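Here the structure is a predicted model, which is why all the values come from computation and not from measurement.
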Amino acid sequence: MRDIQMVDLKSQYQDIKKDIDSRIQNVIDSTAFINGPEVKRFQEELETYLDVKHVIPCGNGTDALQVALMALDLKPGDEVITTTFTFVATAEVIALLGLRPILVDVNPDTYLISSSEIEAAITPKTKAIIPVHLFGQSANMEEIMQVANKHNLKVVEDGAQSIGADFVFENGKKQKSGTIGDFGCTSFFPSKNLGCYGDGGALFTNDDTLAEKARMIVNHGMKVRYYHDEIGVNSRLDSIQAAVLSVKLQKLNKYNRSRNNAANYYDQVFSEIEELQTPVRVENSTHVFHQYTLRVLNGQRDALQKHLMDNGVPAMIYYPVPLHQQKAYRDDRYQDGAFPVAEQLAKEVISLPMHTELDEDQLGYITEKVKEFFK
Ligand SMILES: *Cc1c(COP(=O)(O)O)cnc(C)c1O
């Protein structure tokens, strides 16, 4: 049996090595390292895949979020609502721009931002919402867009973990995760569902004006070279990463199916273990299982993690501390106990190996080791 890893990028590469190597070699031969034809090609391929009008490639997922907020013309002191149970980047960019992060709690079964908590947190200063499509399924964008429209708020979707997931509206209409709000943002960090071999990210939007603005901001605020109409940043997807992503995009649906197969295998075994709560699938989103995250209900989460590690099974805690309890984001408004669901989850969640190359032997071994712990 191959060594078990949280993410096995090496085995995945073996399978696509020929294509990847030749595409990377082409970039080197062309020396079009920045904004070359590969970037344009990948951009168009992703627009088609997502069925979205504009993809704006950029340097990483955190930049994508920052550029989205910059393009929306938010002013210092404006309030932006997001979840306390997410990766720090989401709140970081809000704070960096001098905006005020307003954190809210999540749903206990899905770990996703609660639409009712969002509505309860709205004040006259609220200008935007950043729902996070955590672990691979979409937050309830239908409800969130209704709240946003009612209160005239902008919506930036953090889709760093959900690329390829479909959101399904009440009327049956499907839209790709990240293409529903004013902007969607994603990350191509190597371990993400569509990962490159370095850093990368992108914004998505169906709004021509916002797209033009974001395109200027990622490029020093200029449309015509050396004429700067906006204060921008330098955030580029390089051509080598775009070439890698172009190859891997062709496999994304297959990759997401492999992840679902592994999740189904886990579910089947773990549904029989009383102390475990398996991931709950929401009705209105497909799941792309960026993470397979269980809740350990008997207080033994850390002991389970140790047992697995001792037996060669990596397991991670996403996330051990909700944002309102992080040193950098502590605030008089948010005492311990402020967000009971997220605080409970931080103590109970554990993420198991989840990637595109897990085989039956490995899944059998991992589930055996989990079962052994609860015997
Ligand atoms: C990975 C991630 C980001 C940041 O992406 P980077 O490319 O690492 O900057 C933002 N939000 C969430 C939810 C993520 O998982």
Only pairs under 3.5 Å count here: list side-chain donor-acceptor contacts from residues 316-324, not counting sequence neighbours, and write none if there are none.
unit_1	atom_1	unit_2	atom_2	d
Y319	OH	Q161	NE2	3.0
H324	ND1	T84	OG1	2.7
H324	NE2	E343	OE2	2.6

Any M222 side-chain heavy atom under 4.5 Å of M216 side chain: no

Neighbour count >12 (heavy atoms, 6.0 Å) for atom CD, E372: yes

NZ/NE/NH1/NH2 to OD/OE distance under 4.0 Å, E212 and R215: no

Under-4.0 Å salt bridge between D302 and K306: no

Trace of the side chain to side chain contact (heavy atoms under 4.5 Å, CB included) decision for Y329 with Y334: CA-CA 9 Å; Y329 294 89; Y334 305 131; over 6 Å; no

Side-chain touch T126/I81, heavy atoms, less than 4.5 angstrom: yes

Ring geometry between F169 and F167 (parallel below 30°, tilted from 30 to 60°, perpendicular above 60°): perpendicular

Same apolar cluster (I L V M F W Y, side chains within < 4.5 Å links), I180/V168: no

Residues, nucleotides or ligands: over 12 heavy atoms within 6.0 Å of I34 CD1: yes

Evaluation steps, side chain to side chain donor-acceptor pair (under 3.5 Å), between S285 and S138: CA-CA 6 Å; S285 171; S138 180; 4.8 Å; no

Atom of Q137, atom of L112 and distance for their closest heavy-atom approach: O-CD2, 3.5 Å

Joint cluster assignment, Y13 & V7, ILVMFWY side-chain distance < 4.5 Å: no

Residue pairs, two or more places apart or on separate chains, that pass ring-ring contact (aromatic ring centres under 6.0 Å, His included) and touch residues 355-375: H307-F373

Worked check of side chain to side chain donor-acceptor pair (under 3.5 Å) between S115 and E143: CA-CA 6 Å; S115 310; E143 284 175 10; 2.7 Å; yes

Lys/Arg-Asp/Glu bridge criterion (N-O < 4.0 Å) met for E47, K53: no

Pair D29-Q25, side-chain donor/acceptor within less than 3.5 Å: yes

NZ/NE/NH1/NH2 to OD/OE distance under 4.0 Å, D229 and K223: no

Greater than 12 external heavy atoms within 6.0 Å of Q14's CD: yes

Steps toward side chain to side chain contact (heavy atoms under 4.5 Å, CB included) verdict (K371, V269): CA-CA 8 Å; K371 278 204 305 209; V269 178; 3.8 Å; yes

Pair D51-K176, side chain to side chain contact (heavy atoms under 4.5 Å, CB included): steps then yes or no: CA-CA 7 Å; D51 195 17; K176 283 282 179 223; 5.8 Å; no

For I94, the rest of its hydrophobic cluster, which grows through side-chain links under 4.5 angstrom: I56, L65, V67, L69, M70, L72, L74, V80, V93, L97, L99, I130, V156, F183, L203, L210, I217, V218, V233

Considering all heavy atoms, the nearest E45-S246 contact: OE1-OG, 2.7 Å

Cluster link V132 to V280, ILVMFWY, side chain under 4.5 Å: no

V288: hydrophobic cluster co-members (side-chain, 4.5 Å): none

Note, Y255 side chain near N193 side chain (heavy atom, < 4.5 Å): no

CA sep, side-chain torsions, deciding dist, call: F135, F289, ring-ring contact (aromatic ring centres under 6.0 Å, His included): CA-CA 6 Å; F135 301 153; F289 283 99; 9.8 Å; no

Pairing of D78 and K125 as salt bridge, 4.0 angstrom limit: no

R257 vs N253, side chain to side chain contact (heavy atoms under 4.5 Å, CB included): CA-CA, chis, key distance, verdict: CA-CA 6 Å; R257 276 197 301 275; N253 287 346; 4.0 Å; yes

Residues, nucleotides or ligands: over 12 heavy atoms within 6.0 Å of D3 CG: no

Linked hydrophobic residues, L46 as query - side chain contacts closer than 4.5 Å: F42, Y49, L50, V52, V55, I163, F188, L194, F204, L237, L245, L249, L252

Co-membership, hydrophobic cluster, residues V296 and L352, 4.5 Å side-chain: yes

Side chain to side chain donor-acceptor pair (under 3.5 Å) involving S258 - partner list, sequence neighbours excluded: none

Over 12 non-hydrogen atoms of neighbours within 6.0 angstrom of CG in D332: no

Results of side-chain contact (heavy atoms from CB on, under 4.5 Å) for E360 - residues two or more places apart only: Y265

Enclosure of N152 CG (heavy-atom neighbours >12, cutoff 6.0 Å): no

Side chain to side chain donor-acceptor pair (under 3.5 Å) partners of D331, counting only residues at least two apart: R333

Partners passing side chain to side chain donor-acceptor pair (under 3.5 Å) against Y292 (at least two apart in sequence or in another chain): D267

Nearest non-hydrogen partners of R281 and A263, listed with the distance: NH2-CB, 4.2 Å

By side chain to side chain donor-acceptor pair (under 3.5 Å) - contacts of D359 (at least two apart): R2

Heavy-atom side-chain contact between R259 and T356 under 4.5 Å: yes

Close side-chain approach of L134 to V106, heavy-atom, < 4.5 Å: no

Under the side-chain contact (heavy atoms from CB on, under 4.5 Å) test, residues paired with A160 that sit two or more places apart: D158, S187, K192

CA sep, side-chain torsions, deciding dist, call: E119, H151, side chain to side chain donor-acceptor pair (under 3.5 Å): CA-CA 9 Å; E119 192 150 28; H151 297 273; 3.1 Å; yes

Heavy-atom side-chain proximity of K327 to R330 below 4.5 angstrom: no

Crowding at CG, D361 (>12 non-hydrogen neighbours, <6.0 Å): yes

Short side-chain donor-acceptor distance under 3.5 Å, K173 and Q175: yes

Closest approach of T83 to L103 (non-hydrogen atoms, all atoms of both residues): O-CD2, 3.9 Å

Y227: hydrophobic cluster co-members (side-chain, 4.5 Å): V224

Closest contact, heavy atoms only, S191 versus H290: O-CE1, 3.4 Å

Linked, directly or transitively: M309 and Y266 (ILVMFWY side chains, under 4.5 Å): no

Residues K10, E357: salt bridge by 4.0 Å N-O rule: no

Any side-chain heavy-atom pair of V155 and P131 under 4.5 Å: yes

Minimum heavy-atom distance L294-Y111, with the two atoms named: C-OH, 3.9 Å

